[in-house]
Structures are given as structure tokens and as C-alpha cells.
Amino acid sequence: MLRKRRCLVTGGAGFLGSHVCERLLNNGCAVICVDNLYTGSRLNIQHLFANPFFQFIFHDITQPLFIEVDEIYNLACPASPVQYQKDPVQTTKTCVLGAINMLGLAKRLKVKIFQASTSEVYGDPEVHPQVESYRGSVNPVGIRSCYDEGKRCAETLFFDYHRQHAVDIRVARIFNTYGPRMQSNDGRVISNFIIQALLGQPITIFGSGNQTRSFCYVDDLVDGIIALMGLDTSVNSPVNLGNTIEISMIDLATLIISLSDSSSTLIYKDLPLDDPSRRKPNINFAKALFGWTPAVSLDGGLMQTIDFYRYKVINREVVGES
Ligand code: NAD
Ligand code: UDP
Ligand code: UDP
């Protein structure tokens, strides 16, 4: 019998990581999920424990990890501004020391490694939509810097390990992604708005609400990650992965209120420091490289996500803030 490909997924108990673990198992791989449960949860992966080819290791990737695998997906890192700003030093350590350890592992094993980078490397962009060649506008000493600069340094490490040690790398700059299994207390806009709408609480708009984001449904994103990793040769540039439909936070709130049949009103709160004013990917590179383009509409993806949280609200797993 053929041995299954053993895939390491760091951050595998998180929102995106749990979907990656599930997809790899469905594709016939064995999966080793490594997570310190900082923002992740066993609940995200509990349905995978019955699979004999799924293994969970409680581990912090800022520490070395010696295991034998055939492929690495490095997703460990809190992604929500609220979460990554709680312990900013740990966030930078996760990005930088975590990248060094996972690259050291990839180098020793001579295996392919994927890095979950982010659109945050573009900061508050002056170029719109953002194309991979744009170098970004990032505050190096602000409250978002632990994440933005941490991820930028991680990219540097990936490309230096590639040039210096011939490590086979795939780096995706992921734009805002949403879907079932985002932690309800995560603080990101989609989970906040949906939970507030379902509980009939006011929807919290930060700043004017005219700032924009472009939201990608998780299944589309995972398709992109798997396709990028499926390429036979290293890609000598980061690759944007995201949806190109851009929407303001006010329009997003209105859409979620309508799709969830909510009576919530809008309230306005202070805009967090350094909050980017607009964000939208140019995905021509991913399209040309592996024919990827997101397929799920915003309405369709939001309905799936609303159903996920509705179940939690009905079962009182989410109580929200008053
Ligand atoms: P998440 O917070 O749900 O998941 C992150 C996971 O990493 C959690 O399970 C957490 O416990 C784990 N983790 C954190 N620090 C760790 C450490 N030191 N050692 C081991 N595990 C650790 O976030 P997510 O949305 O699933 O994001 C996953 C990855 O994708 C992150 O690297 C993030 O930067 C990147 N990304 C996500 C988005 C998005 O919109 N979801 C956008 C851009 C980039
Ligand atoms: N590393 C690891 N697992 C391995 C191989 C390396 O965690 O299987 C870590 C190792 O502890 C080191 C880091 O990865 O801190 C970088 O490894 P590299 O070989 O590049 O550097 P060096 O060990 O020479 O400092
Ligand atoms: N936001 C908001 N209300 C919330 C949470 C977020 O208006 O309850 C705004 C936030 O200021 C930002 C956008 O929504 O402009 C996206 O925020 P999120 O934290 O989801 O992601 P990021 O800022 O990292 O793109």
C-alpha cells in the first residue's frame, strides 16, 4: 500500500488551519496538526479526531520542533487585530521565531513549505488594488506592527531560506477571509457583525464605516492554498489570494442585517489606530499561475457563516456583549 503524504499544519486548530487540515485529510493525506491553542480551539478539530490519520500535537512553534513530515503548512499566528495586539511580543515571536523553526525543519527534511502571509504587509496601501510588486506602507512602530512587520520579516526569511538553502517555498498573501469556525470572541468584523445581528444588538461600526475590505470565503481560500502547494516548482514571488469584491463596513453591516433578518441598528465607535482605509487584491498572478479565482458570492458565503453562528446562538454557546 502507498504511504500517505504526511502534512504538518501549524495553527491547525485555528479558523483557517482547521479547514486546511480537513481538506488535506479529504485529499488522502495524513495530517499532523500543531497548535498551542492561543486563539484556536479543540472544538474546531474535534470532528477530525476519529480519523486515524489525524494527529494533534500541543506545541508552540517559537520552540524547535523535530518530527518527520513530507510537507509543511505554516499557519500558526493570531490573525485578528484584537487577538494579535493582546500579546504583541508573542505575536512577533510567533511570526519570526516560528518561521525560523519551520524553515529549519523544511531545510533538514528537504520538503516544501507554505507560509500564510497577509495583505497586512501592504499596510495602509497607496496602491489600489494591491499587486504583489507593491512594497507597502507600514508603520514599523505602531500597534499593528507586531503582526505586519512580523509577517514581513517572515517573508524575508522564506525568501532567504529559498536563496541560501534552496528550500522549496510557497508564500501566499491572504486577504480577509471568513467562514464557519472563526472564534466568536475573535473580534474580526464578520464574526462581530453577524453575532451582533443575530442577538439583535447594535452593530459596532469603527470610524466612519467608509473603509473597505474584500472578503474571501474560506472554501475558496483553501482551494487557492492547495493549488499553490500543488505547483511543482518554487514560486519566486508571494502570491495574493483573496476575493476582489470590495465593500465598505457600512454596506457590509447593512447586508448582514438583511441576510440575517435582524432588527439591529448601527452604532459608531472610534477607529482603531492605523486601520487601513481600503483593501482589495489584484489576483491576476494567482489566476495566471494556477487558474484560481474565488467562486463563492459574498451573499452565499455570509449565509453559510450566519447559519454557523445561528446554531451557536440558539445553543447559547455565544452570549455576546451587552
Ligand atoms: P486563528 O487565530 O483562527 O488561527 C491561528 C492559529 O494559530 C490558532 O489555532 C492559534 O492557537 C495558533 N497559534 C498562534 N500562535 C501559535 C504558536 N506560537 N504556536 C502554535 N500555534 C499558534 O487565525 P486564522 O484566521 O485561522 O489565520 C491563520 C493564518 O492565516 C495566520 O497565520 C494568519 O496570519 C493568516 N491570515 C489569515 C487571514 C484571515 O483573514 N483569516 C488573512 C491573512 C492572513
Ligand atoms: N529546527 C527545528 N526542527 C528541525 C530542524 C531545525 O525546529 O527539524 C529549528 C532549529 O532549532 C533552529 C531553526 O530551526 O533553531 C533553524 O534551523 P537552521 O538549520 O536553519 O539553523 P541552525 O540550526 O543552523 O541555527
Ligand atoms: N471593524 C468594525 N467593527 C467591528 C470590527 C471591525 O467596523 O466590530 C472594522 C475595522 O475597523 C476594519 C474592518 O472592520 O476597518 C476589518 O476589521 P478586521 O478586524 O476584521 O480585519 P482587518 O482590519 O485586519 O482587515
Side-chain angles (χ1 to χ4, degrees), residues 10-20 33-41 44-45 57-69 73-84 87 90-91 93-95 97-109 115-121 144 147 150-151 154 157 161 164-165 167 172-179 181-183 186-193 195-196 203-216 218 221 225 241-242 248-250 252-253 266 268-272 274-279:
T10 76
F15 158 55
L16 278 183
S18 65
H19 287 274
V20 171
C33 165
V34 163
D35 203 296
N36 68 353
L37 301 182
Y38 182 63
T39 48
S41 162
N44 285 342
I45 48 172
I57 300 176
F58 183 90
H59 176 81
D60 184 327
I61 61 157
T62 62
Q63 303 299 322
L65 178 67
F66 288 88
I67 53 173
E68 307 307 308
V69 293
Y73 295 76
N74 187 36
L75 281 87
C77 185
S80 153
V82 173
Q83 300 300 334
Y84 68 64
D87 187 347
Q90 172 66 11
T91 299
K93 284 184 183 172
T94 295
C95 291
L97 298 178
I100 291 175
N101 287 324
M102 291 309 105
L103 284 161
L105 179 65
K107 177 184 137 197
R108 176 176 66 79
L109 298 174
Q115 167 66 357
S117 190
T118 168
S119 54
E120 281 284 323
V121 302
R144 293 175 89 100
Y147 184 73
K151 288 283 185 178
L157 285 161
Y161 267 79
Q164 199 173 329
H165 299 301
V167 173
R173 290 185 177 153
I174 301 169
F175 284 65
N176 297 61
T177 301
Y178 70 100
R181 294 195 211 128
M182 295 174 92
Q183 291 290 101
D186 179 85
R188 278 180 273 190
V189 70
I190 297 240
S191 42
N192 276 8
F193 282 9
I195 291 166
Q196 290 161 346
I203 308 268
T204 51
I205 306 277
F206 296 166
S208 68
N210 292 324
Q211 70 272 32
T212 65
R213 296 291 186 273
S214 307
F215 295 98
C216 185
V218 61
L221 202 273
I225 293 176
L241 291 180
S248 72
M249 295 311 105
I250 288 195
L252 178 69
L266 308 186
Y268 290 83
K269 301 215 163 183
D270 289 344
L271 186 69
D274 290 338
D275 198 280
S277 55
R278 54 192 188 159
R279 185 182 289 153

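Nothing here was measured: the structure is a model prediction, and the numbers come from that model. The chain is numbered in sequence order, starting from 1. The basis for the numbers below is simple: all heavy atoms, side chains too, and nothing from hydrogens, waters or symmetry mates. First listed ligand is number 1; within each ligand, the first listed atom is number 1.
- Each of the following atoms of ligand 3 lies closer than 4.0 Å to a heavy atom of I205: 7 (O).
- If you number the atoms of ligand 3 from 1 as listed, the ones under 4.0 Å from a heavy atom of P81 come out as 19 (O), 24 (O).
- Remark: minimum distance from atom 35 (C) of ligand 1 to any protein heavy atom is reached at A116 CB, 3.9 Å.
- Taking every non-hydrogen atom of R188 and a distance limit under 4.0 Å, the qualifying atoms of ligand 1 come out as 3 (O), 23 (O), 24 (P), 25 (O), 39 (C), 40 (O), 41 (N).
- Polar contact check, N36 against ligand 1: a nitrogen or oxygen pair lies under 3.5 Å apart.
- Between Y178 and F215, the ring-plane angle classifies as perpendicular under the 30° and 60° cut-offs.
- Near G40, with a cut-off below 4.0 Å to any heavy atom, the atoms of ligand 1 are 8 (C), 9 (O), 10 (C), 11 (O).
- Residue contacts with ligand 2 for K107 involve side-chain atoms from C-beta outward but no N, CA, C or O (heavy atoms, distance under 4.0 Å).
- Considering backbone and side-chain atoms together, V34 places no N or O closer than 3.5 Å to any N or O of ligand 1.
- Remark: ligand 3 atoms within the under-4.0 Å shell around heavy atoms of N176 are 21 (O), 22 (P), 25 (O).
- Polar contact with ligand 1: present for Y38 (N/O pair, distance under 3.5 Å).
- When heavy-atom distances to ligand 1 are checked against a 4.0 Å cut-off, Q183 has no atom that comes that close, whether in backbone or side chain.
- Heavy atoms of Q90 found under 4.0 angstrom from ligand 1 belong exclusively to the side chain.
- Of the charged side-chain nitrogens involved, at least one lies within less than 4.0 Å of a carboxylate oxygen, so that D275 and R213 count as a salt-bridged pair.
- Closest heavy-atom contact between G14 and D35: N-OD2, 3.7 Å.
- Under a 3.5 Å cut-off, the side chain of S191 and the backbone N or O of V189 do not form any donor-acceptor pair.
- For ligand 1, none of its N or O atoms has an N or O atom of S117 under 3.5 Å away.
- Within the 3.5 Å criterion, the main-chain N or O of N36 finds no donor-acceptor partner in the side chain of D60.
- Of all heavy-atom pairs spanning Y268 and I250, the tightest one is OH-CD1, 3.5 Å.
- For atom 40 (O) of ligand 1, the closest non-hydrogen atom of the protein is T177 N, 2.8 Å.
- Heavy-atom distances between R279 and ligand 3 reach below 4.0 Å in at least one pair.
- An N or O contact shorter than 3.5 Å links L75 to ligand 1 by distance.
- For ligand 2, one of its N or O atoms has an N or O atom of L65 under 3.5 Å away.
- Of the protein's heavy atoms, V189 N, 3.9 Å lies nearest to atom 18 (P) of ligand 3.
- Close approach to I100 involves these atoms of ligand 2, each under 4.0 Å from a residue heavy atom: 13 (C), 14 (O), 16 (C).
- The shortest contact between atom 3 (O) of ligand 1 and any protein heavy atom is with F15 N, 2.9 Å.
- Atom 4 (O) of ligand 1 has as its closest protein heavy atom G14 CA, 3.5 Å.
- Proximity of a side-chain donor or acceptor of S214 to a complementary backbone N or O of R279 within less than 3.5 Å is detected.
- Of all atoms in ligand 1, numbered sequentially from 1 with element shown, those under 4.0 Å from a heavy atom of A79 are 2 (O), 23 (O), 24 (P), 25 (O), 27 (O), 33 (C), 37 (C).
- Looking only at heavy atoms of the protein, atom 11 (O) of ligand 3 is closest to D275 OD2, 2.7 Å.
- The minimum heavy-atom distance between H59 and P64, with the atom names listed, is CE1-O, 3.2 Å.
- Put simply, atom 14 (O) of ligand 2 has protein non-hydrogen atoms near it, under 4.0 Å away.
- The closest approach between a heavy atom of L37 and any atom of ligand 1 is below 4.0 Å.
- Heavy-atom distances between E120 and ligand 3 reach below 4.0 Å in at least one pair.
- For the residue pair S41 and Q183, no side-chain donor N or O sits within less than 3.5 Å of a side-chain acceptor on the partner.
- By heavy-atom distance, the residue among D60, L65, T39 lying nearest atom 18 (N) of ligand 1 is D60.
- The closest approach between a heavy atom of A13 and any atom of ligand 1 is below 4.0 Å.
- Ligand 1 has an N or O atom lying under 3.5 Å from an N or O atom of D35, backbone or side chain.
- Among protein heavy atoms, atom 26 (O) of ligand 1 sits closest to L16 N, 2.7 Å.
- Counting only distance, with no hydrogens or angles, the side chain of Q83 and the backbone of Y38 share no donor-acceptor pair below 3.5 Å.
- Those atoms of ligand 3 with a heavy atom of N192 less than 4.0 angstrom away are 4 (C), 5 (C), 8 (O).
- Using a 4.0 Å cut-off between charged side-chain N and carboxylate O, E120 and K151 make no salt bridge.
- Between Q196, R188, M249, R144, it is R144 that holds the heavy atom closest to atom 22 (P) of ligand 3.
- Ligand 1 lies nowhere less than 4.0 angstrom from a heavy atom belonging to S41.
- Judged purely by atom type and a 3.5 angstrom limit, S80 uses its side chain to pair as donor or acceptor with the backbone of D186.
- At a 4.0 Å heavy-atom cut-off, ligand 3 touches T204 through backbone and side chain alike.
- Of all the listed residues (G150, C33, C77, S80), C77 holds the heavy atom that lies closest to atom 14 (C) of ligand 1.
- Between the choices Y268, Y178, F215, F206, the shortest heavy-atom distance to atom 4 (C) of ligand 3 belongs to F206.
- A perpendicular orientation is assigned to the rings of F15 and H19, their planes being inclined by more than 60° (bins at 30° and 60°).
- Under the 3.5 Å distance criterion, the side-chain polar atoms of T10 are matched with a main-chain donor or acceptor of L75.
- Considering backbone and side-chain atoms together, A76 places no N or O closer than 3.5 Å to any N or O of ligand 1.
- Every heavy atom of S80 sits 4.0 Å or more from the atoms of ligand 3.
- Counting only non-hydrogen atoms, the option in Q211, M182, R213 that gets closest to atom 25 (O) of ligand 3 is R213.
- Heavy-atom contacts of P64 reach the following atoms of ligand 2: 7 (O), 11 (O) (cutoff under 4.0 Å).
- The atoms of ligand 1 that sit less than 4.0 Å from any heavy atom of G11 are 6 (C), 7 (O), 9 (O), 12 (C).
- At a 4.0 Å cut-off, at least one heavy atom of H59 sits close enough to ligand 1 to count as contact.
- Looking at N176 against ligand 1, only its backbone comes within 4.0 Å, counting heavy atoms.
- Only the side chain of K151 comes within contact range of ligand 1, with a heavy atom under 4.0 Å; no backbone atom does.
- Scanning the protein heavy atoms around atom 43 (C) of ligand 1, the nearest turns out to be I174 O, 3.0 Å.
- Closest heavy-atom contact between A154 and C95: CB-O, 3.7 Å.
- Atom 19 (N) of ligand 1 has I61 N, 3.0 Å as its closest protein atom, hydrogens excluded (heavy atom only).
- Residue Y147 holds the heavy atom nearest to atom 33 (C) of ligand 1 of all those in Y147, Y73, F58.
- Ligand 2 has no N or O atom lying under 3.5 Å from any N or O atom of H165, backbone or side chain.
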